[in-house]
Amino acid sequence: MRKNSKVTQREHTSEHVTESVADLLAHEAPLDYKNSSLNVGGVPGKKIVLEPPENDGRPAWNSKLQYILAQVGFSVGLGNVWRFPYLCQKNGGGAYLVPYFILLVLIGVPLFFLELAVGQKIRRGSIGVWNYVCPQLGGIGVSSLMVCGFVGLYYNVIIGWSIFYFFQSFQYPLPWAECPIRRNGSLAIVEPECEKSSATTYFWYRQTLNTTSTIADSGGLNVKMTLSLLVAWIIVCLAVIRGIASSGKVMYFSSLFPYVVLFCFLVRGLLLKGAVDGIAHMFTPKLEKMLEPQVWREAATQVFFALGLGFGGVIAFSSYNKIDNNCHFDAVLVSFINFVTSILATLVVFAVLGFKANLMNEKCVMENGEKILGYLNSNVLSHDLIPPHVNFSQLSTVDYAEIYAVIKTVKEGSFAELSLDPCVLEDELNKSVQGTGLAFIAFTEAMTHFPASPFWSVMFFFMLINLGLGSMIGTMTGITTPVLDTYKVQKELFTVCCCIIAFFCGLLFVQRSGNYFVTMFDDYSAGLPLTVVVILENVSVAWIYGTKRFMQDLEDMLGFRPHAFYFYMWKYVSPCCLIVLITATVIEMAISPPGYNAWVEELAQERFQSYPPWALAMCFSLIVVAMLPLPVVFIARYFNLMSDGSNKLSVSYRKSMMKDISNLEEVDEARSILGKNPGETPSPKPPSQAYLGPPGTNPLENPNSLSPNSCYGTSYQNAISPPPPPPLSPPPPLSPTHDHCPSSSCPSPSLTLDP
């Protein structure tokens, strides 16, 4: 390295770093290295560019396929199977797909691309990424980590439930196929709670959860669920204990196996009686629903959570990529796979639910037919009301509908006393179920009527375990990667400690009242905090770091400039949509009474109950605790009460920055040969300018202040230099040829290195 070069001089001086490479070169005429006769970079025609180091000691994915499967496994989770079909059924069937797809394009893909890009560019976890982009908004990463912790606590409980059902499936008949018999001496009666509900409902609430009637009654630990939770945490710990070295291999199976099961269920479901009715019901559009704001709000929320935005897992996974990986292609591909998976899961669910609806409707016809036959034998009804072609031994739904209509017309005054049900298939299909009600009750009940039902039950719950495991790996990576990037701790030891602590915290959810706490955490720990986190991510990149600067970074990283569509999405459309979503979420929380559906044993049904005061305080504490790092970090760094986090950069990260400095040295020496002063020899052929922003703006205009108190650039400055002195005034802009001053007196602007 030449001792008198400008880069070496700047490294050993106390002059503060105030300008980026793009800002410095903006004042110089671009050099045409390809056509210059003094090309000194080595290979003729090859430009000297700043390449971020690849071998910086950071782990990397073994292959692109492994990385894509990891992102797919994280984004495709239990919500695709039991949340999306419910929303589709509730919000207009096929018509719901229109707002969902529109919002996926306007919000989902751009923000997913943004998270992939910042993680890949800066090559750190969520805390390090947002400390670099804007230290005063460094609380974004901490909030993401805390939300991951809250979600991981209860999400693994659901995996524990699936593990319990998985092992219970290895018997015939399935234990939830029939109601248990209670024996009192020689007298045998059906369990009353089961008789009032159903076999699958009884097995879920009584034999699995053994739930209490209120959240205030803890009921003690449920031993079966505690052991299932322990097994779930052991599996998760083994999957993530070595970082992507272990989790990447797990993803080959956990990401692909659910698709095998879904295709098997789809083929089996289409062969079932009534499957076509269920699918037709799902795709029949109710276009008037598209005009309801609630439909668009729920579609935006589903898009938001389906891709895992804001959790930090997307950033963590992408930080292990090569710097030149085409993350734009990854964002579109993973979003498309996620959407197709939701459609596939919805087809499977509605095919099976159509089969179940037909069974329930036939059962209803048979039971009500027996009632009518009894009324005929007791002369309550006249035989003249029954059409001559009706055969009660083989009563069809069409014949019953005809009889029902005649009786209702003739016995209009006393019809209610007959207690006859209409038995309409559409009513059965309209019974909305979601979440645990769909997986552990409705779908489970339908599988009891399959031939070889234990096999299908084993496959279904093994699929749920793998879907949950893929999401849990991403969630745990969103916790471990930022901490391991920031602090020097042993990866294996830290991972094991996290799992042990999480298991003991998770005992809250395996009490007999634990199901109610799962509902509480699901409703309050992630929704609003994650929405705030993502809008701050969007604002910090688009408005603080600068969309034009970010687009330039993407061009340097990818080798091409993303379409102008992303510029406008990041800068205007996505922030506006997220603000509307936050407002709608707050309004929804304000007008909806906070509560939960409690299982009342005496009635054998669910009843909505409001949270007691202590539980209500706990609900809002989850929101406050998750969002608290945002104002705390902002205030602390605004008043210089805490460092900006740059002193936590890893040794390999610092070495990579010094390598960038040596690359800059080569550029400086090359420019010294080409001209007495940098930029003295203008390029005879200026390169064409790519799109940098909307018309009428200066492409190289610096939208941000690069002073020490600003957000951009602080972390790298501290990583390679001593603590900065008080800020200096920025030097005046230089003319391209420096004709106004001798070369010895021209100001020499400092450099800031982009990651």
Would you say the rings of F461 and F167 are close, in the sense that their centroids are separated by under 6.0 Å?
no
Does CZ in F253 sit with more than 12 non-hydrogen atoms of other residues, nucleotides or ligands closer than 6.0 Å?
yes
Assess whether side chain to side chain contact (heavy atoms under 4.5 Å, CB included) is satisfied between I215 and W614, documenting all intermediate values.
CA-CA 11 Å; I215 193 173; W614 64 268; 4.3 Å; yes
Residues that F517 engages under ring-ring contact (aromatic ring centres under 6.0 Å, His included), provided they are two or more places apart
none
Which side chain to side chain donor-acceptor pair (under 3.5 Å) pairs, counting each pair once, include a residue from residues 501-517, with sequence neighbours left out?
T211-Y516
Is there a donor-acceptor contact under 3.5 Å from the side chain of N466 to the main chain of P258?
no
Worked verdict on V129 versus E537 for side chain to side chain contact (heavy atoms under 4.5 Å, CB included)
CA-CA 10 Å; V129 161; E537 290 180 358; over 6 Å; no
Nearest-0.5 Å distance that lies between atom CE in M472 and atom CG in L467:
14.0 Å
Let me confirm one number: the CG-CG distance from N222 to L507, rounded to the nearest 0.5 Å.
11.5 Å
Using modelled atom types only, decide if a donor and an acceptor are shared between the side chain of S144 and the backbone of G310 within a distance under 3.5 Å.
yes
Heavy atoms, side chains only, cut-off 4.5 Å: are V236 and I473 in contact?
no
Begin from the C-alpha positions of Y96 and K90 and carry the test side chain to side chain contact (heavy atoms under 4.5 Å, CB included) through to its verdict.
CA-CA 9 Å; Y96 173 75; K90 175 186 174 185; over 6 Å; no
When you compare the side chain of F521 with that of L508, does any pair of heavy atoms fall below 4.5 Å?
yes
Write down the atom of L153, the atom of A502, and the distance for their closest heavy-atom approach.
CD2-O, 3.5 Å
Counting distance only, does the side-chain N/O of N91 pair as donor-acceptor with the main-chain N or O of C88 below 3.5 Å?
no
Decide yes or no for S342 and R83: does some side-chain heavy atom of the first lie under 4.5 Å from some side-chain heavy atom of the second?
no
Working to the nearest 0.5 angstrom, can you tell me the gap between S319 OG and D485 CG?
6.0 Å
Closest non-hydrogen contact found for L116 with C327 is CD1-O, 3.6 Å
Sequence-distant partners of K64, side-chain hydrogen bond (donor to acceptor under 3.5 Å, both in side chains), two or more places apart
N325, D330
Determine yes or no for a side-chain-to-main-chain donor-acceptor pair under 3.5 angstrom, with S574 supplying the side chain and L106 the backbone.
yes
With side chains defined as the heavy atoms from C-beta onward, is the minimum distance between L78 and S471 less than 4.5 Å?
no
Can you tell me how far CD1 of I158 sits from CG of L229, rounded to the nearest 0.5 angstrom?
11.5 Å
Could you measure the distance from the CD1 atom of I159 to the CG atom of L464? Nearest 0.5 Å is fine.
10.0 Å
Going by distance alone, is a donor N or O of one side chain under 3.5 Å from an acceptor N or O of the other, for Q302 and E298?
no
Criterion side chain to side chain contact (heavy atoms under 4.5 Å, CB included) on L307 and V314, from CA distance to verdict
CA-CA 9 Å; L307 295 175; V314 173; over 6 Å; no
Has Q66 got a side-chain atom pairing as donor or acceptor with Y252's backbone, closer than 3.5 angstrom?
no
Close side-chain approach of V81 and V348, heavy atoms under 4.5 Å:
no
Test of ring centre spacing under 6.0 Å for Y100 and F84
yes
For F101, ring-ring contact (aromatic ring centres under 6.0 Å, His included) partners two or more places apart:
F339
In short, ring pair (Phe, Tyr, Trp, His ring centres under 6.0 Å) pairs touching residues 303-326 with sequence neighbours left out are W61-F317
Does any N or O in the side chain of Q136 come within less than 3.5 Å of the main-chain N or O of F634, such that one atom is a donor and the other an acceptor?
no
Taking atom types as modelled, find out whether R58 and N321 have a side-chain donor-acceptor pair closer than 3.5 angstrom.
no
Answer yes or no: is there a donor N or O on one side and an acceptor on the other, between the side chain of S318 and the main chain of Q120, under 3.5 Å?
yes
Ring centroid separation F443 to W82 under 6.0 Å:
no
Here the pair of heavy atoms bringing A331 nearest to V109 is CB-O, 4.5 Å
Within the structure provided, determine whether Y154 and V151 are in side-chain contact (heavy-atom separation under 4.5 Å).
yes
So, the side chain of S126 versus the backbone of G312: is there a donor-acceptor pair under 3.5 Å, distance only?
no
Sub-3.5 Å donor-acceptor pair from the side chain of D553 to the main-chain atoms of K121, do we have one?
no
Measure the CG-OG distance between L536 and S143 for me, rounded to the nearest 0.5 Å.
8.5 Å
Is the shortest heavy-atom distance from the side chain of P135 to the side chain of W130 under 4.5 Å?
no
Could you pull out the closest heavy-atom pair between P59 and K491, with the gap in Å?
CG-NZ, 4.5 Å
How about W599 and Y205: are their ring centres within less than 6.0 Å of each other?
yes
Which heavy atom of F74 sits nearest to which heavy atom of G474, and what is that distance?
CD1-CA, 3.4 Å
Side chain proximity check, Y86 to V349, heavy atoms < 4.5 angstrom
no
Residues in ring-ring contact (aromatic ring centres under 6.0 Å, His included) contact with W204, at least two apart in sequence or another chain
W161, F440
For V147 and A626, work out which heavy atoms get closest and say how close.
CG2-CB, 3.9 Å
Verify, without hydrogens or angle tests, whether Q168 (side chain) and F164 (backbone) share a donor-acceptor contact under 3.5 angstrom.
no
